[in-house]
Visitor: 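Structure provided below as structure tokens; questions to follow.
Residues take their numbers from the sequence shown, with the count starting at 1. Keep in mind that the numbers below use all heavy atoms, side chains included, and drop hydrogens, waters and symmetry copies.
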Amino acid sequence: MTGLMAQKKPDTDNPLVKVAEYHMHLARRGAAVAALGDYIYIFGGAGGSPIYQAERLDIRTGKVELLPPQFRQRVFHNAVEHDGKFHLIGGSGRSRANLPNEEVIEIYDPATNEIASQRVAPNPRVAAGAAKLGHDLLVVGGGRVNKAGSFTQTNLAEFYDLDTGAWRAAPAMPTPRNAKAVTVGQFVLVLGGYGSGGKLKTVEMFVPQEGGWKKLPDLTTSVESHSAAFLGSWIFLFGDNERSDQILAYELKSRKTLRLPPGTSHMSYSAAISHDGLIYVVGGAATSESIITTKRGRGADFRSGGETDLIQVFALNPDYQPK
């Protein structure tokens, strides 16, 4: 006996490690997440009942608190911080007839805990990708309700000026789909998602300097209903409608995909954000039913059940050794 405990062998195969988890007050999927200072803010989503309250995580203390304002109940939307305020854009307003796209943009001021103002989006969509480029938000793809009451995926791309509220056209994304968009430096990448033919492997990059899109090497596996975040030299994709514990890593230098060891389940329809060197994966579900991927038309609904209240925190693995 040496008195020394055996140390666990470092995991050198996985570029990502889970470092913490916290619990929200409300289990939710299809939420939107944004960060400001020492706080991670969570807006909307679906649970066992409509969710009108947001929450925020204090990353210093791990405390999660409900926020007092009553927001519009929306799911599969986007939230972005700009100039100390949050813009809540798009999604499905479940309290309205036929689950139409939500056209109202709420602008929330956390300093006053008030919804400071509202704007209207000209082409509201559900499950669109959104990525910030300076004072613009690039909104791409997503689903729109047609006259029959069913969703159709689009490749529409628009710039939303966060300062003025003005919208202007952007070059259309080549592939119509519901998907997540991620800002990487001066570029925006969209990976996987759901299109008319099912879930996708497609990776496309918007290059503002060239005013257009480029196709990058595909993912090695198709994925949808996932969240995405950029950290280090990777874009990590969390969850899938068939495998809620799936984590994929798209390496930006080699353009290769790694399938990581399974994470905690319930990451389908989660939201993710990279902030201060960590990735926060918020909420999600283990089930696969979604109005976004169905063609059942009018009356199709997002089935509740299986939502999680977890906030899972990941970091880059310092012991990782690429092969």
Side-chain angles (χ1 to χ4, degrees), residues 22-59 63-96 99 101-121 124-132 137 139 142 160 162 178 180-181 225 227-229 238 267 269-275 279-285 292 302 304 307-312:
Y22 307 99
H23 291 271
M24 294 182 288
H25 291 266
L26 301 171
R28 42 179 109 201
R29 58 173 138 181
V33 62
L36 177 62
D38 292 323
Y39 295 96
I40 304 295
Y41 288 79
I42 303 112
F43 299 97
S49 59
I51 297 175
Y52 299 95
Q53 278 188 280
E55 304 185 46
R56 71 177 184 180
L57 164 68
D58 186 329
I59 61 177
K63 179 182 178 181
V64 182
E65 62 178 332
L66 286 167
L67 300 177
Q70 294 291 304
F71 296 88
R72 288 174 178 256
Q73 199 284 327
R74 60 177 92 204
V75 64
F76 300 126
H77 56 299
N78 292 288
V80 60
E81 183 274 330
H82 181 68
D83 198 22
K85 298 178 182 179
F86 297 98
H87 297 242
L88 311 185
I89 298 177
S92 174
R94 286 167 53 87
S95 62
R96 299 170 60 188
L99 304 180
N101 302 341
E102 179 57 72
E103 63 182 12
V104 173
I105 300 170
E106 296 169 287
I107 302 176
Y108 167 61
D109 186 347
T112 62
N113 252 330
E114 294 180 348
I115 299 172
S117 60
Q118 295 183 344
R119 296 172 178 171
V120 176
R125 283 159 278 159
V126 178
K132 190 176 180 182
L137 187 70
V139 183
Y160 166 60
L162 293 158
N178 303 332
K180 299 293 185 180
S225 307
S227 58
F238 301 91
M267 291 191 296
Y269 312 109
S270 59
I273 188 169
S274 180
H275 183 61
I279 294 177
Y280 296 81
V281 180
V282 176
I292 302 307
F302 187 105
S304 62
E307 297 87 2
T308 182
D309 64 359
L310 279 180
I311 301 173
Q312 303 179 65

Visitor: Which one of Val33, Leu88, Ile51 satisfies the side chain to side chain contact (heavy atoms under 4.5 Å, CB included) criterion with Phe43?
Guide: Leu88
Visitor: Report the residue from Asp109, Thr112, Leu162, Val80 that forms a side chain to side chain contact (heavy atoms under 4.5 Å, CB included) with Lys85.
Guide: Asp109
Visitor: Less than 4.5 Å apart, side chain to side chain, heavy atoms only: is that true for Asn178 and Phe76?
Guide: no
Visitor: In the structure I gave you, are the side-chain heavy atoms of Leu137 and His82 within less than 4.5 Å of one another anywhere?
Guide: no
Visitor: Does Gln73 reach the main-chain N or O of Tyr52 with its side chain, forming a donor-acceptor pair under 3.5 Å?
Guide: no
Visitor: For the CD atom of Gln118 and the CD1 atom of Ile107, what is their distance to the nearest 0.5 Å?
Guide: 9.0 Å
Visitor: Just how far is it from atom OG of Ser227 to atom OH of Tyr269, taken to the nearest 0.5 Å?
Guide: 12.5 Å
Visitor: For the CG atom of Leu36 and the CZ atom of Arg56, what is their distance to the nearest 0.5 Å?
Guide: 9.0 Å
Visitor: For residues Ala229 and Ala272, report the shortest heavy-atom separation together with the two atoms involved.
Guide: CB-CB, 4.2 Å
Visitor: Given Val282, which of Met267, Met24, Arg28, Gln312 fulfils the side chain to side chain contact (heavy atoms under 4.5 Å, CB included) condition?
Guide: Met24
Visitor: With a 3.5 Å distance limit and no angle check, can you tell me whether His25 reaches the backbone of Ala54 through a side-chain donor-acceptor pair?
Guide: no
Visitor: Taking Glu102 as the fixed residue, which of Arg125, Arg119, Arg72 is the one that meets the salt bridge (charged side-chain N to carboxylate O under 4.0 Å, His left out) rule?
Guide: Arg72
Visitor: Looking at every non-hydrogen atom in both residues, tell me the closest pair between Asn101 and Pro124 and how far apart they are.
Guide: ND2-O, 2.7 Å
Visitor: NZ/Lys180 to OG/Ser270 distance, rounded to the nearest 0.5 angstrom?
Guide: 7.5 Å
Visitor: Can you measure from CD (Gln53) to CG (Leu26) and round to the nearest 0.5 angstrom?
Guide: 7.0 Å
Visitor: If you define the side chain from C-beta out and look only at heavy atoms, does anything of His23 sit under 4.5 Å from Ile311?
Guide: no
Visitor: For a quick test of reading the model, state the closest non-hydrogen atom pair linking Ala79 to Ala34 and the distance between them.
Guide: O-CB, 4.0 Å
Visitor: Determine whether a donor-acceptor pair (N or O, by modelled atom type, separation under 3.5 Å) exists between the side chain of Asn78 and the backbone of Ala128.
Guide: yes
Visitor: Rounded to the nearest 0.5 Å, what's the gap from CG on Leu57 to OH on Tyr39? Could you check?
Guide: 10.0 Å
Visitor: Donor-acceptor pair, Glu114 side chain versus Ala116 backbone, under 3.5 Å?
Guide: no
Visitor: Judged by atom type as modelled, is there a donor-acceptor pair below 3.5 Å linking the side chain of Glu55 to the main-chain atoms of Val64?
Guide: no
Visitor: With no hydrogens and no angle check, just 3.5 Å: does a side-chain donor-acceptor pair link Asp309 and Tyr22?
Guide: no
Visitor: Closest heavy-atom contact between Gly37 and Ile59?
Guide: O-CD1, 4.2 Å
Visitor: Measure across Ile42 and Ala31 and return the closest heavy-atom pair with its distance rounded to 0.1 Å.
Guide: CG2-CB, 4.0 Å
